[in-house]
Amino acid sequence: MSVDSTGDELIFFVNGKKIVERNAEPEMTLLTYLRRKLGLTGTKLGCAEGGCGACTVMVSRFHLHQNRIVHHSVNACLAPICSLHHCAVTTVEGIGSVATKLHPVQERIAKAHGSQCGFCTPGIVMSMYALLRNNPLPSMLDIEEAFQGNLCRCTGYRPILEGYKTFAKKGGCCGMNGKANGCCMTNEDKEEYTNGHSISQLYDPSEFSPLDPTQEIIFPPELLRLEKKSQRQLRFKGERVLWVQPSSLSELLDLKAQYPAAKLVVGNTEVGIEMKFKNLLYPVILAPAFIPELNMVQHTEGGILFGAACTLTLLGEVLRKSVQDLPSYQTEVFRAVLEQLRWFAGQQIRNVAAIGGNIMTASPISDLNPVFMAAGCKLTLLSKGGKRVLQMDDRFFTGYRRTALKPEEILVSIEIPYTKKGQYFSAFKQAPRREDDIAIVTCGMNVVFEEGTNSVKDLRLSYGGMAPTTVLAKNTSKQLIGRTWNEELMQEACSLLAEEMTLDPSAPGGMVTYRRTLTISLFFKFFLTVQHKMARDFNAEGILMEDVRPDYASAIELFHRDTPSSVQLYQAVPPGQNDVDVVGQPIMHLSALKQATGEAVYCDDIPRFENELYLALVTSTKAHAYIQSIDVDEALSLPGVVTFLSAKDIPGSNLTGPAVYDETVLADDMVTCVGHIVGAVVADSQAHAQRAAKAVKICYKELKPVVTIQEAIACKSFYLPVRSIERGNLAQGFQEADHILEGEMHIGGQEHFYLETNCTLAVPRGEDGEMELFVSTQSIAKTQQLVAKALGVPANRIVCRVKRMGGGFGGKESRSTILSTVVALAANKVKKPVRCMLDRDEDMLLTGGRHPFFGRYKVGFMTTGRVVALDVTYYSNAGNSMDLSLSIMERALFHMENSYSIPHIRGTGYMCKTNLPSNTAFRGFGGPQGMMVAESWMSDVALRCSLPAEQVRRINMYKEGDLTPFNQRLEQFTIDRCWDECLSLSHYHQRRTQVEQFNRQHRWKKRGLAIIPTKFGISFTAVFLNQAGALIHVYTDGSVLLTHGGTEMGQGLHTKMVQVASRTLGIPTSKIHITETSTNTVPNTSPTAASASSDLNGMAVYNACETLLQRLEPYKTKNPKGAWEDWVKAAYFDRVNLSANGFYKTPDLGYDFETNQGRPFNYFSYGCACSEVEIDCLTGDHKNLHTSIVMDVGKSLNPAIDIGQVEGAFMQGVGLFTLEELRYSPKGVLFTRGPGMYKIPAFGDIPTELKVSLLRDAPNDKAIFSSKAVGEPPLFLAASVFYAIKDAITAARAESGLSGPFRLDSPATPERIRNACEDSFTKLCPAAEAGTFTPWAVQV
């Protein structure tokens, strides 16, 4: 057949409706098809690489080989539309809606407060739904496993798991075990906590509608008929790609002979990513997923044979059954494969990814290939020329991502062998995050002993992550054959491995010392595991053999997590509060139900306009260079392309920036970072625009970039001014001190990773330069102002509208404008609507994140631990423009002492000017970095004085009425109460005793404990921003339309504003509606930031409501028994204005750096957290065992939302301080551009036990209804996890005879933890000397 014959019909079902697609495009994913072709926008795009789960749908198909209907959760962003022939797709819209009936899965996540911004919710709903379709009574472990491929950035995961626990068997609780007084869901140790109206139920599970499996959508009978008919070959011809689905093995072999370069695709989890991110094109794709021989599972004499198209999910099911049925000595390899599969990607990937694809991808860090290689699996290859059987050894991988297969050959099957008596096998994987992560080092280890002895007959050690291919440690193995398995062998093996497993110090992936240490540490784990199993086997036969030392035993335990449990405490509303008044009640987020059904509309969900075009950005690939030429000829000649936008097309000003105009909308003659926007391509579709953008050729003349803080310090590359705050007399303080110590700390940056990337839709209105913008931004006024400036029109021609954002966290406060101005310029040029939603990799590259900080300190203290003098200098990496860096540095200085009173203090802050994308606002806004350095010197002082850290913190703590370094008096000071309650809530002292006992009993696992306070100033430090407006319309039917200056990004601001209006007007919340935030209703709004939005907008709403109440007063007096509607009607007929605007500005603010006088903050929010962790000293892994948080939020407006904010901020902080690491090359290129390489916390990272208590009886007279700000303050409490890790490392170092202060930079990744736990293994792998090599990545 010729390639260009017209394609076949693609037949599939979506939500029970038949779809016949006559022009299936092989390059189109299911996600694009659902959103663009079918208008089903509930399924979201989060990352386009199968790493976040926002696009999860359920795919059902009748599986001929298994003779059953299979339901699977799948990533729609990777599933090619052509792979869905004869499938039934179920999306979030298909299972329920607010308009008709909610599905219990949708209802429970919403009512359990598990949806904040809601962008990840549809994907989480569909993961849970798919699980329940396969298993209506899952265990808690099943539920946790189902979510391994889903991420959420807002909630901190706890409420999602808690809501869905109610589906689990045993009612998802203790099953009446361990609790004397019945079910833990209702009695959660209440007696302990219910002192004085503190209660801990945020919702009532008894209100949930039950799950009825008989009511689900049926599998279309038509598909059963079609699938049972004999299959024929299918062809789908796209613009650039031919997709062929052969129906038999012989057809496949013919095709492979005809197109030897064709790729075989089953799950598209690798090829899809290569085509999207590596810009590779495969003109012919063969889809062998339904060929019987490639799907078979056969038990043979030597093991189990799996067809190459079997999915990893099927592999797991078959092996699990074999492990149950066979004697354990036969299944050593099977159990190792299962252990690797536990942590292999997420459920959605395992459901579609094929074993053969995993082998043939030949990734050097594959999780399974080292296992297959160490086990010596047999591979069967086939071509038209015949069959070959290869054993998988070090000759199979011939080079980076290359195998020994000939172009025309295909892999048909793999045989995984049984093991024999006297054979032991283990597999290990070490990754930055436990769930769904790419390995750093992975290995399979196989030892066979001479019968009945402990003498080594054969040994195979296979490693991934130590070379461009999976390798065998052949030399080490050879030397150990014939040796006895004892301490001496272990010592020699470690030395041999250190010699054999070397890495160039510049090796891709970096972490060279850590990777080399891991090869040895993991062998040591294997050594102990074998010793333990062998002792067990020999002792069972009556031969005495020494087992592993008791204090070493924990080193061989497989990773196991207990099901998380939690407690939330808050103060009940006073008895007698009016039923209509919901202030203080834990009411659900107003959009939660819509978010759970996919009906909530985000920026990119707005339906297409007629003749709408799509924009793709063209960005710089150099960090610092002159642009010599831009060649757009090829790009303009591609299909669908309309125009190229450059700096010459700007009618107004090319200067832009949130505070100072030191940036350009489009680079003109010079680029100052990788990702600097140079231009944009406008085309008729996203695919065409992106393809053309990649075809634009730019010539550069490169200049030397400044990338790191250290480089900036060396060449004095700083922005002015340099800020400092000083109080007391430093010289005198250091003179009085008993001891002085100096130290430094680096705190890495952080990517916002809002699930919804930046998005703008610009619609020109065709007259007077008017334009309407739909933008995902926290700052509508700044967006309006900068677009007007670029277009050269007054601001009154631009309307900016925001309904909701899928997360913001500060990342959409100022950086969202770099996209919206370009889209507006394009719409202005082509005079048509233009849309652009950034892909995750673009968003991460362009928009900057939290400022990396470097702190140097000198601290003077007494022998008692009392700190008397501090001199601290901060350096922040600001990037290529000022953005908000000055305010961020100021806030860091305002928080340099955290909660400690220091008589003599000086802080200085430098902003480094570098060639990185400009860093920006991020929850905490410099505060966490300032306080992190404070806790570093605090822990150094405790270690130097050999005193308990909590004692040193307590004696240095502020008291009521103290002055801060910036001379603001602390009033209504509650940190001492938070501290005491946190000690009792966490049983701190009892826990400390248990930790010390655990550490005495275990050598290779250590536990640590820390309690950390926080004090966070509330107000914008730029005084003019502390203002807000509101507008209220009352309609004649009594309904109220409310608008205010704040935007909704999941934090529940609109919900709280409706609560405020409801209480003030005395009407139920059901009568009040907020539709959106827009510049034509409330002008000149401040960005929704600085945690102050409820305070500011709440007071403005209150002000507007009061005005309306005054106008209605006469009608109330006339008709006291009347209803709200009667008074409104009466006022209307009396011609009274039923629209009012409100305004508020925070009083008495203002601070002067010159005189160090004034009030920068309206008040402070306080909190304390205690955390306990366990680290694995051999790998650097850690487990969060316990966290107790006590937070002062005044009188909470909504405890459910406030506790959600506390937990969400805390987990974001856990990411910042333990997981999330941005990695840049020495030339300023960002490597971490998606969830594949950048790890935010997942479901498995939440503390196993989490208690959150809102401080009672702490009203705050400075804010609306005595509440307090809650968005940013809790984030820093995650430092308790970091310092608990440091405490555990201290215990590990003591085993090697090391004591006293040591430097631990943030984040405390497995690499940093392992390298800090110095021992005999780390000594074998000394680091290369700095300056003798170019590292792969640098600390910016």
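Nothing here was measured: the structure is a model prediction, and the numbers come from that model.
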Assign the ring pair Phe966 / Phe1164 to parallel, tilted or perpendicular, where the plane angle (0 to 90°) is split at 30° and 60°. tilted
Are Thr817 and Lys782 linked by a side-chain donor-acceptor pair shorter than 3.5 Å? no
Between Lys1251 and Ser566 (side chain of the first, backbone of the second, donor and acceptor by atom type, cut-off under 3.5 Å), is there such a pair? no
Find out whether Met1191 and Leu1255 are in side-chain contact, i.e. whether some heavy atom of one side chain is under 4.5 Å from a heavy atom of the other. no
Please determine, by modelled atom types, if Asn1137 and Ser1139 share a side-chain donor-acceptor pair under 3.5 angstrom. no
Look at Asp1202 together with Lys1056 and state whether they make a salt bridge at an N to O cut-off of under 4.0 Å. yes
Side-chain donor-acceptor pair under 3.5 Å between Tyr1163 and Asp1095, yes or no? yes
Sorted by chain and number, sequence neighbours left out, salt bridge (Lys or Arg N to Asp or Glu O under 4.0 Å) with Arg108 holds for none
Indicate yes or no: does Glu1207 engage Arg158 in a salt bridge with an N to O separation below 4.0 Å. yes
Cationic N near anionic O, under 4.0 Å, Arg969 to Glu960: no
Can you tell if the side chain of Leu1042 reaches within under 4.5 Å of the side chain of Val1101, non-hydrogen atoms only? yes
Are Thr155 and Gln116 close enough that a side-chain donor and a side-chain acceptor fall under 3.5 Å? no
Any side-chain donor paired with an acceptor under 3.5 Å for Gln106 and Thr597? no
With heavy-atom distances below 4.5 Å as the criterion, would you say the side chains of Val775 and Cys603 are in contact? no
Do the side-chain N and O atoms of Ser814 and Asp883 include a donor-acceptor pair separated by under 3.5 angstrom? yes
So do Glu971 and Lys1262 actually touch side chain to side chain, heavy atoms under 4.5 Å? yes
Checking Gln571 against Asp1257: is there a side-chain donor and acceptor pair closer than 3.5 Å? yes
Out of Glu1048, Gln1051, His113, which one pairs with His589 under the side chain to side chain donor-acceptor pair (under 3.5 Å) rule? Glu1048
Point-to-point distance, once rounded to the nearest 0.5 Å, from CZ of Phe1161 to CG of Leu1149: 9.5 Å
So that I can tick it off, tell me whether Lys812 and Glu756 are bridged by a salt bridge, with the cut-off set at under 4.0 angstrom between side-chain N and carboxylate O. yes
Roughly how far, to the nearest 0.5 Å, is CZ of Phe925 from CG of Leu884? 5.0 Å
Please find out if less than 6.0 Å separates the ring center of Phe894 from that of Phe1153. yes
Can you find a side-chain donor-acceptor pair between Ser1091 and Glu1272 that sits under 3.5 Å? yes
Would you check if there is a donor-acceptor pair between the side chains of Asn1097 and Tyr1144 at a distance under 3.5 Å? no
Pick from His1044, Arg804, His1073: which one makes a side chain to side chain donor-acceptor pair (under 3.5 Å) with His1054? His1044
With side chains defined as the heavy atoms from C-beta onward, is the minimum distance between Val1058 and Val1060 less than 4.5 Å? no
Relative to each other, are the rings of His1033 and Tyr1035 parallel, tilted or perpendicular (30° and 60° limits)? perpendicular
Under the salt bridge (Lys or Arg N to Asp or Glu O under 4.0 Å) rule, collect the residues that match up with Glu1076, sequence neighbours excluded. Arg801
